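If you're wondering where the values come from, they're calculated on a predicted model, not measured in any experiment.
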Amino acid sequence: MFNRMKTLNLRQIILIVFSVLIILTCGTLFSITTFQSNQILLTQNNESLLKLAQQSARTIDIQLQSRLILLETLANNPILRGKYGDRVSTMPEKLSLLSGECQHLEQLGIKRLGIINNQGIIHYPDGKTLYLGDREHVKKVLKGENIITDILLSRYAQHLIFSYLVPIRDYQTGSIIGALVAASDAVKLNEFTQFHNENTLATAYIIDHNGTIIAHKNFSLVSSKRSHTELYDTSFSPIARAMEKGQTGYQTFTQNNHKLTIAYAPISTTHWSIGFIVPNHDTSQKANHFAYSMIIVFLVITIVALVLAFLFADRISRRHIHLKEVLEKNKNHFETIFNNNAAGIVMTDSQCTILSINQRLCEIFGYTKEELLHHNCAVIHCNQGSFESFKELYSHAIERTSHVTLEYQFKHKKGHYLWCEFFGKSLVLEDGTQGILWSVIDIDARKYAEEESFRLSQAMAQSPVSMLITDLNTNILYANPILLRNTGYALEDIYGKSAHILTSEKTPQSTLDTMWSYLNEGRNWKGELIYQNKDGKEYIVDVTIAPIYSVNGNIINYLTITEDITEKKYAQERINYLANYDHLTGVANRMQLANHFNHLLTIAKRNQESLAVLFLDLDAFKNVNDTYGHTVGDILLTMIAKRLQSLMREQDIIARTGGDEFVILLPNTPKTGAQKVVEKILLTISKPYEIQQTTLTMSLSIGISIFPDDGSTMDTLIQNADHAMYQSKSLGRNTFNFFQ
């Protein structure tokens, strides 16, 4: 007890000594002095209790403010503020991307985050939603206020909670686009009342603006929502109304015939108040015992006075020590939060002098606390011009909105530059001047990733080939402009849809099966597909599909690169056609004849079959050209070729080897079979032709050679058939002759 008395201030010691001297020297006025001393003691107790309430309210307010500051930092994340457009399109995705930055919130009793959009709908990480637009606290936060709600029943979790709400502002305009919500179990409020030990006479209560007790050190939660007037006598009602209005003071009331004193103070961040209740000394009863006190021996009076003085000193010192311990504990708790914050925190005055910093800020810039404290912020800027520009930017913003968000390049102690995001909020310092509290995040890696992503997106957007990115189910996530231009679709038309919308049904299923066999094995696939645009027009594309891997080696997407090769394909087919077919009649040319001839000759030799070779020459075709012109002659050749094709089997080959000369190959055809074919040819060709209102007739002279009787090579067989054809012409034309 004597050790505790050492903690008393001079004013309290003088007061005690003066009280004792009055009692010792003024025995005749004992009752009056006792009454006055009790009144002074009661007043001092009440003032101390009021200071305890005010300091406790400020401590709770600091802790609540620190949580709001953390949420403001989180709400300032570019993902929530729309800096990246719709690349992160759903609320659960946004909350998932923030999970790494908000794990430390769980240490403060915050178990669940949500995002409220500007329509008042809250989104939770598991995809559930709930309409809260009719709630007053939601309306206020969407107007720009930071809110801590009263106790309410969670529709989602079905238990009592209170929530922290901060607005989310658009990255460019600063307008409010939603709010970040952090829910906390209402039972956590008891932690604010637990710093009183069992020996402390005062009992702590926290009540809301409806007069409802929401926290008490002796029970977890008043879930029945009982009011003050139900717990105490009617004399407590005026006190409850004063607390509901956020007033500060202390009053006496009666409960079960016992007088109690309550000191109360509002918690400014909320609509709550904290109150401390202690039993009141019954001074009136002591005054009534004045007559009996006069007969007590002066020594007894002196001893009692001394005992009371020492008890009073002990009580004051005990309360003083306990309050100091509570404040020290709260200070340590706040410093723990401050120094272990995931973001760097710095407080400056209006001249940018650093007043306070946490360890994380020192880690970001590479300095010690001693190297930064009480120095100007210019030490971390690239140069003086950069510092002046930074001051001008945030000064204008602070004047308009009292807060500011800046991305700026700073200088590390080692000399390299790094990008940081600064979120600043104006505040009033203890000396009444203006200061700024900054939250600092190192975004250098993110900035580099953004630049890389931008360069990659620009490369894809400006690529001369079509590019498509899909998920593992081939649902389209991205298409570059040239693909959209080639297909005629807008990105919103195909986003989220299967890439099969671009593929024609004419694409062979075997091609698609081969493609998937490669992709399922994690290999690139290259081939040709038939695409169709929005209007249904088909075109051929050369396709390369490559898997995209995540950092842990899993396939997460597919990249498809396509090139329209329709014209190239048609040009190649045309070249092949002209190289192998007669451009006038469409039958095989000399080159194609040689390929077929060698192939059929090989089969005939292997199977010991015959091969008939017919050499056809039009009789007097030159007269047609001379009389009617080459145009009529070309039409006549085309019509003769079609009549010859109509007489051939699928395996037979017709070729035009000269102006009016044709060669026909009849595989596995003996001499008798060849004769029947030739007779049909002569009959069919001799029928009239109607060309440009002119009727023409033609005849053929045909020579026939048979493998193997008339030769074993292509040149020999064609030469012998040609010889037989000239024999036919010498016999009068319009006839045929076998080689002899």
ask   = Heavy atoms, side chains only, cut-off 4.5 Å: are Ile380 and Tyr367 in contact?
value = yes

task = Under the side chain to side chain donor-acceptor pair (under 3.5 Å) rule, collect the residues that match up with Asn520, sequence neighbours excluded.
result = none

message = Taking salt bridge (charged side-chain N to carboxylate O under 4.0 Å, His left out) as the cut-off, I'd like each qualifying pair that reaches into residues 504-516, sequence neighbours left out, listed once.
response = Lys506-Glu538

key: ring-ring contact (aromatic ring centres under 6.0 Å, His included) partners for Phe597, two or more places apart   = none

message = I'd like to know whether Ile501 forms a side-chain contact (heavy atoms from CB on, under 4.5 Å) with Tyr489, so could you lay out the CA-CA distance, the side-chain angles of the two residues, the decisive distance to 0.1 Å, and finally the verdict.
response = CA-CA 11 Å; Ile501 192 176; Tyr489 288 102; 3.9 Å; yes

ask   = Can you name the ring-ring contact (aromatic ring centres under 6.0 Å, His included) partners of His412, sequence neighbours left out?
value = His416

request  = Please list, chain by chain and in numerical order, all residues satisfying side chain to side chain donor-acceptor pair (under 3.5 Å) with His137, sequence neighbours excluded.
outcome  = none

key: Any donor-acceptor N/O pair, Thr507 side chain to Ile530 backbone, under 3.5 Å   = yes

remark   = Residue pairs meeting salt bridge (charged side-chain N to carboxylate O under 4.0 Å, His left out), one or both in residues 480-496, sequence neighbours left out, come to Asp493-Lys534

remark   = Residue pairs passing the salt bridge (charged side-chain N to carboxylate O under 4.0 Å, His left out) test with at least one member in residues 539-563, sequence neighbours excluded, are Lys526-Asp542

key: 4.5 Å side-chain heavy-atom contact, Ser439 and Ile69   = no

request  = Please name all residues satisfying salt bridge (Lys or Arg N to Asp or Glu O under 4.0 Å) with Lys537, sequence neighbours left out, ordered by chain then number.
outcome  = none

request  = Determine yes or no for a side-chain-to-main-chain donor-acceptor pair under 3.5 angstrom, with Asp444 supplying the side chain and Trp419 the backbone.
outcome  = yes

ask   = What residues, two or more places apart in sequence or in another chain, satisfy side chain to side chain donor-acceptor pair (under 3.5 Å) together with Asp471?
value = Asn475

ask   = Taking the side chain from Ser163 and the backbone from Thr149, do they hold a donor-acceptor pair closer than 3.5 Å?
value = no

query = Looking only at atom types and distance, does a side-chain atom of Asn557 sit under 3.5 Å from a main-chain N or O of Ile469, one as donor and one as acceptor?
reply = no

ask   = With sequence neighbours excluded, what pairs up with Ala546 under the side chain to side chain contact (heavy atoms under 4.5 Å, CB included) test?
value = Asn524

query = Donor-acceptor pair, Asn117 side chain versus Gly120 backbone, under 3.5 Å?
reply = yes

query = Distance from Ser510 atom OG to Leu512 atom CG, nearest 0.5 Å?
reply = 8.0 Å

request  = Heavy atoms only: give me the nearest Thr585-Ala641 pair and the separation to one decimal.
outcome  = CB-CB, 3.7 Å

request  = Could you pull out all residues at least two apart from Phe410 that satisfy ring-ring contact (aromatic ring centres under 6.0 Å, His included)?
outcome  = Phe365, His381, Phe390, Tyr408, Phe422

message = The criterion is salt bridge (Lys or Arg N to Asp or Glu O under 4.0 Å); which residues satisfy it with Lys140, sequence neighbours excluded?
response = none

